[in-house]
Amino acid sequence: MIPVKRIEIVVDAPHSESITRLLGSHGLEGWTLLRGASGMGQRGRQHDDDITGVSSNHLIVTTCTPEKLALLLEDLRAMLARYGGMCLVSDAHWLRH
Amino acid sequence: MIPVKRIEIVVDAPHSESITRLLGSHGLEGWTLLRGASGMGQRGRQHDDDITGVSSNHLIVTTCTPEKLALLLEDLRAMLARYGGMCLVSDAHWLRH
Amino acid sequence: MIPVKRIEIVVDAPHSESITRLLGSHGLEGWTLLRGASGMGQRGRQHDDDITGVSSNHLIVTTCTPEKLALLLEDLRAMLARYGGMCLVSDAHWLRH
Amino acid sequence: MDWSLISGNLLTPPILFFCLGVAAALLRSDLEVPQPITRALSLYLLFSIGMHGGVEFASAGFGFTALKPLLAGIAASALFPLATFALLRRKLGPADAAAIAATYGSISAVTFVTACSFLQDREIAWSGNMVAAMALMESPAILVGVLLARRSGVGNKAGAGGHGSILSLSREAFLNGAVFLLIGALVIGALVGETGWKSVAPFAHDPFKGVLCLFLLDMGLIAGRRLGALRESGGMLLTYAICAPLVHAAIAVGAAYALGLGRGDALLLTVLCASASYIAVPAAIRSSLPEANPSLFLPMSLAMTFPFNISVGIPLYMAVIDATWRAA
Amino acid sequence: MDWSLISGNLLTPPILFFCLGVAAALLRSDLEVPQPITRALSLYLLFSIGMHGGVEFASAGFGFTALKPLLAGIAASALFPLATFALLRRKLGPADAAAIAATYGSISAVTFVTACSFLQDREIAWSGNMVAAMALMESPAILVGVLLARRSGVGNKAGAGGHGSILSLSREAFLNGAVFLLIGALVIGALVGETGWKSVAPFAHDPFKGVLCLFLLDMGLIAGRRLGALRESGGMLLTYAICAPLVHAAIAVGAAYALGLGRGDALLLTVLCASASYIAVPAAIRSSLPEANPSLFLPMSLAMTFPFNISVGIPLYMAVIDATWRAA
Amino acid sequence: MDWSLISGNLLTPPILFFCLGVAAALLRSDLEVPQPITRALSLYLLFSIGMHGGVEFASAGFGFTALKPLLAGIAASALFPLATFALLRRKLGPADAAAIAATYGSISAVTFVTACSFLQDREIAWSGNMVAAMALMESPAILVGVLLARRSGVGNKAGAGGHGSILSLSREAFLNGAVFLLIGALVIGALVGETGWKSVAPFAHDPFKGVLCLFLLDMGLIAGRRLGALRESGGMLLTYAICAPLVHAAIAVGAAYALGLGRGDALLLTVLCASASYIAVPAAIRSSLPEANPSLFLPMSLAMTFPFNISVGIPLYMAVIDATWRAA
Ligand SMILES: Nc1ncnc2c1ncn2[C@@H]1O[C@H](COP(=O)(O)O)[C@@H](O)[C@H]1O
Ligand SMILES: Nc1ncnc2c1ncn2[C@@H]1O[C@H](COP(=O)(O)O)[C@@H](O)[C@H]1O
Ligand SMILES: Nc1ncnc2c1ncn2[C@@H]1O[C@H](COP(=O)(O)O)[C@@H](O)[C@H]1O
Ligand code: NA
Ligand code: NA
Ligand code: NA
């Protein structure tokens, strides 16, 4: 098993593509995206009920080697500062197969 | 990055509102909720297939400062004892933006 | 709170039943499954848009005592090697109720 | 008695699609209906049946004759749980007994709708009152069931969540999504009358039977997946799941006869009494009585009573009613 | 003026179901429409209204008369935001003012569709041009709104994401899913004409009214859930949310009269000008102007302007138009 | 040959909506159909086409004439994969070659349905047997494909999952959700006959064309998103994706002529042979042959063969059939 950083990002649905594009530009080739999340945050309640998905969140899970983390987080921070959202980082082990 | 406790709760759909209300009452202003989870636990199989959502689980992710954790968990434990469900706590880092 | 291993598995929708069956055969009686995940990995893009669910991922979260972990991971590795997918393991605490 | 009614009923599209669903689940086919679609189909059925009932209710007028089946239905839905609870308490804890009592006191909208479609095929008239009866029979059983459990000491601390008071209980019972939509559509139907109905009928009426087929396919999948869980119930509950509809139906046929209802209304009242809830009650019970084990009451009503009623029950009750009314 | 239009409008199925939805949300019933169904209903409405409009547009021919309401609509949707922005800048930051300006310059397809159904009930004709006008009024307001914000210095670095240029802005505005489907269906309707329409009408036309009821039930739920968020807006914005439709409507009625439109088209142009977007604009604004607070502009248009327009607005505008056209 | 058939086909609503979907995907519009809706639309199509076919099948009787196209179809679906596998093995590994062989031996229900709608527009009759043929052509190709791979040593250990035996293989092939629903609806249609069909037709038949438009819009989005992935396939596979349908179609036209089929049935047999699966096969292949790379066989059938068939293929085959049958 390989130690990795597990990164979990929640953003408004319309922004998730920017996030995954950002991940790609940092050379991360794997992520998982869950739609239809509702939530509560500094910008109020996301009901996940409307027509266009503006009030839905997407949750993105990805992994990253500890070396790449700092650069990635810098860009992520800039994006989240503009769009709102949340990012959690934790330690995990990747099962190589 | 700020060290936080990542809390992950799975309960039957009809109870998730009680949980988020509880989070609010403990001063947690952020959470993310995913619907349509199926699962298996001590109370058997949740198929996520029925008409009313009784057989669906909701998954709630939230964060909490280490200080607030003990009090929150006490109330959560009481609720889960009555409703069933699961709660995992782990260490994470919050990306301030 | 009981220390456990949190295991997070992402596989193509058609394989998730094999995975949950495997978990059962290792004596794990609890798991949560989220459908409708899209993603990116070594086998390319999963769009979560098609008719049959072949291009959807399922995300499975389960827990396991540290003792059972090694055996479980061995079988999981074999399965993922054949089917593709991802498995992350991390430390967590289970709230006993 | 006309036994061909039963065999004839088995060969209609809705029942056959139900069987197809059960077969798919048992054979472990990967056929499935996404959960949002399941919910949408049920919203559609409640919307249609509610509005249609409201329109007919309004056109019939609100005399005492109209109220008779309504009152009978409400009484049944409050009294049956009392008997059930007393019976089941011998074997089960109070929470489980109360949950089952509420389930079998309440009604199944899908069984009702299948019975309507059965009547329609045979061109037997029925009145909008019965839809009102259906809407009003959901909640009393929930209230009675939960109160019985509370009296036996279940969930009285109710610290967490605070679903304790009678008030919050009635909220759960009447604001349940299914009950609310049904009653709302009923009232709207009564307000807009025939003109309003005509404008929505190409959606709410014409495709109804076809949608019912898809919905029953789905119900078959859902029921089939829970057949395994019946093992937990044990012989006594399985017997109950078949006998309760028969006993309730017999009482209902008698009541319908005594009240002088028409054959159509008599069948619907019987079906309401004989059916068990799996929409309104489980949701309300999970909130108000989380101590009850959902793998008891849900599989019983979904995987035993419901299939029994739509396949054999409805034509059987009709045959009995036909024989009785003809004999009169 | 014919006040009975207003009371009559309140008793139609679509409006009553909207009210039922609001009631369910306020009473905290657990009634809900799954989000994929919400989206499917909106796809259906855009598909139907687009194709129908295209068919009628093609059959009417593309003369200057046909273009008049179109040009008026586009002009309104580009000019209203300028005035709104100037007005709101006194109290709000540039991002929020621009977002609201875009919202109220753009249009609401559901309000439009409700107005069409209102006209249909009263057998007043309207032309396919108005659908084209609707489709073309979504985007200019977005462009103008975002450009106003940019000129005030919002998001000019636009480092993250790069939604900076006018080009990428126009992309957002015209490739928005709702706009794209609407314009696409319009073009397809124009290409396939009456024959093509007939083949899809049993899906796209006949059940339309019924589907609209379910959709408005859902809109009621959505609006009801956001009523609480209106507190954040403050009195000034709430006043704006009711006055803007009235002022825009008054200007539109005048324009329609000057252009010599028929009563049906006049109502639709008025409704387009008076309505505020909650489909195309919020999505585009989230991408291009993420600095704007969505809990300001979304609840205003969804929970104030939309209910006002479909309940009171439409019949009121009709009454004014009737009185004016009759006086002429 | 009548080339106007092709241009005429391109201007029908279903094809135009398919193109709209492709355009939206290529232009990166955010238009999307939620996945549960995609599945619901396909359930609807399988339900409708299955039941309708069953009804017609039963009314035609089960003589040898009825069986001829059925047997031809099954033979084709078992033999084509053999040839394909032999051909593709020169360039590809056994798993990928087998997956593509299964894909092109099997059929596409949506292409079939589009061909039915094409025939309906031209008032050309076709028989319910062809639906039975379609239902029975899905599975043999899967079996043959996987067995070919197994013979070449793929997945023989099959430790994990145990999808090894022929038995579990046939389970996958016949219990696939799409196959199961189709065959089930066919049998139910045959059991309930015209009376049963009439009761569901306002749902299963009348709106069919309109639903097909929405479904093809969605298929266009799905296909468009996979156009990029075609780069992986390389020139040889792209050529195969267009030539295979043509070759299969030519053989099918010959067989249909030899069997003396009517023009309608001839077209449908041709379309079945020429089309490639993206419903039943990919799901079964992922389970039974996970070694095959899904970004090869899925984009080929979805983004090349399917669009080719519904736009150019169907009218082309019809023109050839018309010319041949007329010459006879
Ligand atoms: N502490 C938190 N824990 C979990 N999710 C959060 C938290 N804070 C914010 N979120 C999610 O991030 C979304 C956007 O957050 P915000 O930009 O703060 O409104 C919210 O709607 C939540 O879904
Ligand atoms: N060990 C576990 N790992 C992940 N999810 C679990 C676990 N145990 C229970 N769950 C989830 O929690 C739900 C309720 O659990 P229970 O009350 O134990 O039946 C289940 O349906 C699962 O979705
Ligand atoms: N590094 C990663 N982080 C998160 N999810 C991943 C990662 N790698 C793969 N996945 C998920 O696992 C699925 C299958 O991966 P693969 O077999 O590598 O194509 C992908 O579609 C993703 O949803
Ligand atoms: Na009952
Ligand atoms: Na406007
Ligand atoms: Na084929």
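Only the side chain of F/Leu217 comes within less than 4.5 Å of a heavy atom in chain E; its backbone stays farther off. Within the 4.5 angstrom heavy-atom criterion, atoms from both the backbone and the side chain of F/Ala23 approach chain E. Proximity to chain E (any heavy atom under 4.5 Å) is restricted, for F/Ile37, to the side chain, taken from C-beta onward. There is no contact between F/Gln120 and chain E, counting heavy-atom distances below 4.5 Å. Using a 4.5 Å cut-off between heavy atoms, F/Pro13 contacts chain E through both its backbone and its side chain. Within the 4.5 angstrom heavy-atom criterion, only side-chain atoms of F/Pro34, from C-beta onward, approach chain E.
Side-chain N or O atoms of E/Ser48 include none that pairs as donor or acceptor with a backbone N or O of E/Leu45 at under 3.5 Å.
Among E/Ala178, E/Ala201, E/Gly177, E/Ala185, the residue making the largest number of heavy-atom pairs under 4.5 Å with chain F is E/Gly177. In terms of heavy-atom pairs under 4.5 Å with chain E, the best-connected choice from F/Cys19, F/Ser29, F/Pro14 is F/Ser29. Counting heavy-atom pairs closer than 4.5 Å to chain F, the top-ranked of the candidates E/Phe203, E/Tyr44, E/Phe180 is E/Phe203. Note on F/Pro202, F/Gly21, F/Ala24: by heavy-atom pairs under 4.5 Å with chain E, the leading option is F/Ala24.
For the pair F/Ile314/F/Met318, no side-chain contact is recorded, criterion being any heavy-atom separation below 4.5 Å from C-beta on.
The aromatic rings of F/Phe306 and F/Tyr278 sit perpendicular, their planes meeting at an angle over 60°, well past the 30° parallel limit. Relative orientation of the E/Phe47 and F/Phe17 rings is tilted, given thresholds of 30° and 60° on the angle between their planes.
Note that NZ of E/Lys198 and CD of E/Glu194 are 6.0 Å apart. Values are rounded to the nearest 0.5 Å.
Side-chain polar atoms of E/Tyr104 and E/Ser301 form no donor-acceptor pair below 3.5 angstrom.
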Practice prompt. Give the C-alpha distance, both sets of side-chain angles, the deciding distance and a yes or no for side-chain hydrogen bond (donor to acceptor under 3.5 Å, both in side chains) between F/Asn309 and F/Ser275.
Written response: CA-CA 7 Å; F/Asn309 272 325; F/Ser275 66; 5.3 Å; no
